[in-house]
Amino acid sequence: MATVYIDDKPYTADPAQNMLFTSLTLGFNLPYFCWHPAMGSVGACRQCAVKQFRDENDTRGKLVMACMTPAADGTRIAIHDPDATKFRAGVIEGLMTNHPHDCPVCDEGGECHLQDMTVMTGHDYRRYPYDKRTFRNQYLGPFVNQEMNRCIQCYRCVRFYREYAGGRDFNSFALRDLVFFGRHKDGVLENEFSGNLVEVCPTGVFTDATLKHHYTRKWDLQFAPSICTHCGLGCNTSPGERYGMLRRIVNRYNGEVNGYFLCDRGRYGYECVNSPQRIRQPLLRREGVAQPVSRAEALRAARELLAGKQNVIGIGSPRASLEANFALRTLVGPDHFFAGMADDEHRLLTKMIQVLRSTPARTPSLREIEQCDAVLVLGEDPTNFAPRLALALRQSVRQQPFAATDKMRIPRWLDHAVREAVQDDKGPLFIASTHATRLDDIAARTFRAAPTDIARLGFAVARALDTSAPATSMSGEAVALAAQIAQALKTAHRPLIIAGGGLNSESVIEAAANVARALDTVGKEARLSFTVPECNSMGLALMGAAPLSAAFAAVKDADAVIVLENDLGRHMPQPALREFFERAFHVIALDCLTNATTERAELVLPAGTFAESDGTLVSSEGRAQRFFQVFVPSGDIQESWRWLCDLGALRENSEMADWKELDDVIIALSNAIPALAGIVNAAPFSGLRLAGEKVPREPHRYSGRTAMHANINVSEPKPPDDPDSPLSFSMEGFPDQPPSALIPFFWTPGWNSIQSTNFYQKEIAGPLRGGDPGARLIESGASDGSGYFIRVPQAFAPREGEWLVVPAYHIFGSDEQSLHSAAIAEVAPKPYIAMNPEDAVLLALRPESLAEVKVDGSSYRVQVRVRPDMPKGIAALLVGVPPVVGVHLPAWGTLQPAQLPVEGGPERAA
Amino acid sequence: MLSIIRTLWDVFLHAFRKRVTIQYPEQKAYLSARYRGRIILSRDPEGGERCVACYLCAVACPVDCIALQATEDSTGRRYPEFFRINFSRCIFCGYCEEACPTYAIQLTPDIEMGEYSRQNMVYEKEHLLISGPGKYPDYNFWRVAGVKIGGKDKGQAEREAPPTDLRSLLP
């Protein structure tokens with residue numbers, strides 16, 4: 001630790017950091033623009049100028065940029081020096097000469113870093129009498145809106161987009177004060193993390209295009225700490241509501257998980273909450289016609305279906321909270337509770353948990369993944385299956401080159417110098433997948449093969465590391481690749497293996513486990529990360545319940561079936577779904593959006609989405625995280641666990657009769673299931689009071705309280721109570737920083753923008769004060785001596801007339817709920833099947849033509865994509881986008897040209 | 001004793017003073033143009049709605065009696081979809097007028113707002129919007145702000161250079 005002097009006072013600082021980092025960590029208000037905590041310093045904006053003194057006798061000093069000055073021992077700077085203050089004000093004045101005087105109509109207003117910095121430096125009046133430069137804007141797609149006149153040329157956007165996120169279709173153009181940031185021409189931004197430009201841009205050049213349709217200022221939104229539900233990674237989000245409608249999602253910093261960035265699916269998937277497809281009232285189906293009914297009528301109907309019936313079964317959901325699943329389990333009894341996922345998915349998750357517990361490899365958080373210096377991806381397409389993971393992997397390939405720059409004594413925060421020194425040098429990332437991934441551009445080597453061959457590669461890597469691992473016979477090329485991978489993992493400090501649920505292959509999981517075990521044998525501390533399909537897949541698997549096939553068998557004798565937040569059509573093929581509903585006479589479904597299950601159920605109860613309920617989700621890391629209700633929905637919508645408690649009352653369930661608030665469910669759950677006992681640590685209980693007060697969900701400047709509802713009734717309603725959490729639906733409450741799991745939004749005096757996150761952290765870009773939220777439930781045990789998995793699968797052999805159909809995913813479309821968001825739906829691809837050009841010729845399928853795919857007992861008519869990256873004998877079918885749902889892949893299927901030509905496609909020309 | 005007589009004398013003299021009480025409502029009091037009474041929304045000199053729905057009045061309001069929702073027309077001009085003032089809460093402090101960056105919201109010298117029902121004190125945009133520019137006849141925010149709206153392209157606002165040609169290599 002070094003001692004530095006700021007305004008003549010000594011402070012301890014990290015000598016590996018710069019003075020801007022140090023000053024902000026210490027809580028000084030030092031303005032900056034081009035520096036970003038996740039992206040380091042480039043010294044471009046000259047805004048963080050301070051005066052540096054040689055020693056205590058130096059009275060003159062010199063102006064330096066704090067972000068470019070190392071916090072070396074004995075460094076003396078003055079932030080409040082008159083020259084430095086004047087210089088900083090001058091920089092702002094210069095930037096503002098071209099600023100377009102449009103704050104009132106700018107979506108950034110009220111959370112604008114430029115506004116904050118302008119106020120901080122005291123600039124208030126434009127003295128410059130000449131013309132302002134102007135730009136024409138570009139259309140950048142449904143996610144990001146551009147208004148280039150507001151630009152201050154800090155280059156943060158292009159640094160994030162190109163260098164941090166690896167995008168190619170965005171750059172700076174033109175020269176001097178006319179530099180323009182955008183695409184070469186109008187068009188949708190291709191990068192899956194483009195939405196972060198909204199937060200990275202310090203002013204209103206890039207703003208949330210979905211928010212624009214229902215614009216509300218930050219100070220008028222009601223926030224709550226939430227967890228993204230659109231994949232299994234559990235990124236922390238901060239959704240905002242106004243007038244009963246979810247308005248937007250911004251990133252909620254969690255140092256261990258998502259850090260500063262979200263993927264576009266997580267950021268823009270929120271609109272499903274406002275979808276016209278929402279179920280807002282109970283529906284009762286009589287003679288095939290669904291009628292909206294009142295809550296009382298719905299409960300009366302439920303009483304007829306449930307009261308006194310012995311054999312009621314419950315089907316849980318991997319996208320419902322632990323509490324909702326547990327409430328269902330308690331309602332029907334553990335023997336009648338089923339996990340609501342297909343058998344193969346269930347088997348895979350059980351295997352993952354078993355592996356994580358028995359293999360001496362830690363399941364890393366996303367931050368730890370960023371710091372891994374050699375990565376093997378087995379069978380996954382992270383960008384499309386667990387998107388935020390892809391961004392973390394992009395940072396991991398920077399780790400090994402850091403060794404060289406460290407040797408050159410270039411500090412890591414000196415971003416531009418580091419990148420110049422590193423050039424295109426990248427650490428080892430090996431991707432074995434069935435088709436090209438969006439990370440191939442940073443991969444050292446890629447390996448495209450069938451799932452079994454990917455598993456065999458994994459087994460071969462394990463064998464190359466440790467000769468006691470089971471052997472495989474492979475081609476010379478694959479053996480050499482396995483040896484290369486083994487070498488890279490062995491020489492790395494923090495090797496990482498990624499596998500998961502994307503490929504639906506148990507052998508791939510076993511292969512990954514073997515690699516981790518082999519690394520442990522050779523004395524390397526391995527990390528093993530499994531991706532999972534849905535936000536609570538891991539939690540549901542930890543609950544331990546039988547999969548859907550068991551439910552299917554039980555349904556015949558059941559008096560009634562309760563389906564919790566689960567579209568069974570997404571977990572079983574169409575014929576099976578039809579048969580299920582023929583067998584099950586009385587189905588009660590709880591869900592938030594209309595789907596194949598709610599359209600067949602006898603009684604549908606409107607469940608709250610993530611924004612309208614509280615609960616706990618377990619991420620793929622095994623981290624239990626609590627999400628909190630953002631707003632009280634109108635009508636009969638309520639949390640699933642509350643509906644289930646209502647049903648429990650009808651069945652006179654004594655255990656559920658005591659459940660009055662969420663904490664009661666959490667405590668009952670942690671007592672009943674030891675594997676989930678740790679969830680009590682995910683967030684404080686509802687009884688927590690800080691200085692006698694709750695944590696307000698609304699900023700203290702929240703406006704319109706006495707007018708919002710005045711059109712309905714001039715007498716203001718009482719703010720809703722929240723018995724389930726220490727948060728209140730109010731602007732009044734504890735005014736300071738709450739515990740990290742309860743931070744609804746970031747705000748600090750003088751810092752209205754998201755940059756205020758700086759003041760919530762123990763040190764910049766480090767953990768939040770009091771520790772990052774979440775409780776890890778799975779810790780790797782010491783090796784249990786179970787040894788290697790020895791079942792090496794057979795090598796893939798193509799078949800005559802049949803193709804191995806493997807699943808392909810797309811970040812926009814493969815997720816059930818985010819597809820209900822208009823912006824996501826706009827960029828979601830249509831269902832397609834991708835295949836090798838030679839296979840396409842063999843089948844007489846032209847690109848863009850329609851193919852008929854028969855697989856897993858169903859037939860789909862999808863577009864053909866001819867892609868040279870596909871291995872021969874394998875076809876990749878985009879799953880998750882209707883109608884291609886519920887299909888179990890990989891499976892052998894047949895392909896043939898469809899009868900009808902594509903309208904306007906190349907078919908017509910032919 | 002003396003003081004009581006003196007007080008009686010003073011009261012008696014008052015009977016001959018000039019009267020300050022006016023016969024309201026038959027006779028109206030003079031209120032200056034800057035008097036803070038009923039709030040209105042004004043229009044710009046071209047007749048367009050001045051309010052750009054920036055929410056500053058709402059946030060400045062100490063009793064939180066202003067609620068609105070922003071929306072945009074097809075050309076990008078922003079305006080309030082609804083604009084509501086609950087006058088039964090308003091304390092006529094004038095902060096909203098002070099905060100308004102477009103001179104849209106103005107307080108007028110009209111104070112006659114009595115109602116039998118409190119619900120009638122809730123004014124929507126159609127009750128608030130007047131047909132003229134109010135106290136500021138000349139200002140038009142859209143002529144100054146550097147955003148493009150219908151009838152005003154980039155580079156056509158006050159003190160704006162024409163849009164940059166990104167393909168030009170001239171220094």
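Here the structure is a predicted model, which means the values were calculated and not measured. Values reported hereafter were calculated over all heavy atoms of this structure, with side chains retained and with hydrogens, waters and symmetry mates removed. Sequence lines set the chain letters: A, B, ... in the order given, protein chains first and strands last, and positions in each chain run from 1.
- Salt bridge annotation for B:K148-A:E147: absent, with no cationic side-chain nitrogen under 4.0 angstrom from a carboxylate oxygen.
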* Give the intermediate values and the outcome of side chain to side chain contact (heavy atoms under 4.5 Å, CB included) for residues B:K154 and A:N137. => CA-CA 9 Å; B:K154 279 286 176 80; A:N137 301 326; 3.2 Å; yes

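- Contact of the A:M708 side chain with the B:D64 side chain is not registered, since no non-hydrogen atoms from C-beta on lie closer than 4.5 Å.
- Taking CG of B:L56 as the start and OG of A:S703 as the end, the distance is 10.0 Å to the nearest 0.5 Å.
- Note on A:R133, A:R176, A:H99: by heavy-atom pairs under 4.5 Å with chain B, the leading option is A:R176.
- In this structure, chain B has a heavy atom under 4.5 Å from the backbone of A:H184, while its side chain stays farther away.
- Looking at B:V144, the atoms closer than 4.5 Å to chain A (heavy atoms on both sides) sit in the backbone and in the side chain alike.
- Heavy-atom distances place both the backbone and the side chain of B:C65 under 4.5 Å from chain A.
- Within a 6.0 Å radius of OH in B:Y139, more than 12 heavy atoms belonging to other residues, nucleotides or ligands are found.
- Atom OH of B:Y24 sits in a crowded spot, with more than 12 heavy atoms from other residues, nucleotides or ligands closer than 6.0 Å.
- Looking at A:Y243, only its side chain comes within 4.5 Å of chain B, counting heavy atoms on both sides.
- A:T706 places a side-chain N or O within donor-acceptor distance of the main-chain N or O of B:V63, the cut-off being under 3.5 Å.
- To the nearest 0.5 Å, atoms OG1 (A:T134) and CG (B:D153) are separated by 8.5 Å.
- Sorted pairs that involve residues 155-171 of chain B and meet side-chain hydrogen bond (donor to acceptor under 3.5 Å, both in side chains), not counting sequence neighbours, are lacking altogether.
- Once rounded to the nearest 0.5 Å, the distance linking CG of B:L166 with CZ of A:F180 reads 5.5 Å.
- Nearest heavy atom pair, residue A:P104 against residue B:V52, reads CB-CG2, 3.8 Å.
- The local environment of NZ in A:K185 is sparse, with at most 12 non-hydrogen atoms from other residues, nucleotides or ligands closer than 6.0 Å.
- Within a 6.0 Å sphere centred on CG of B:L8, heavy atoms belonging to other residues, nucleotides or ligands number more than 12.
- In plain terms, the two heavy atoms of B:Q119 and A:N711 that are nearest each other are NE2-O, 4.0 Å.
- Contact annotation for residues 99-113 of chain B against chain A (heavy-atom separation below 4.5 Å, listed by residue number): B:P101.
- When each of B:V59, B:I66, B:V122 is scored by its heavy-atom pairs under 4.5 Å with chain A, the top score falls to B:V59.
- Both the backbone and the side chain of A:N713 come within less than 4.5 Å of a heavy atom in chain B.
- Of residues 205-217 of chain A, those residues with a non-hydrogen atom less than 4.5 Å from any non-hydrogen atom of chain B are, in numerical order, A:K212, A:H214, A:Y215, A:T216, A:R217.
- Contacts between residues 75-93 of chain B and chain A, counted as heavy-atom pairs separated by less than 4.5 Å, involve B:R78, B:F82, B:R84, B:N86, B:S88, B:R89.
- For chain A, no part of B:I149 is nearby; none of its heavy atoms comes within less than 4.5 Å.
- Within 6.0 Å of CZ in A:R126 there are more than 12 heavy atoms belonging to other residues, nucleotides or ligands.
- Looking only at distances, no side-chain donor or acceptor of A:D102 sits under 3.5 Å from a matching main-chain atom of B:V147.
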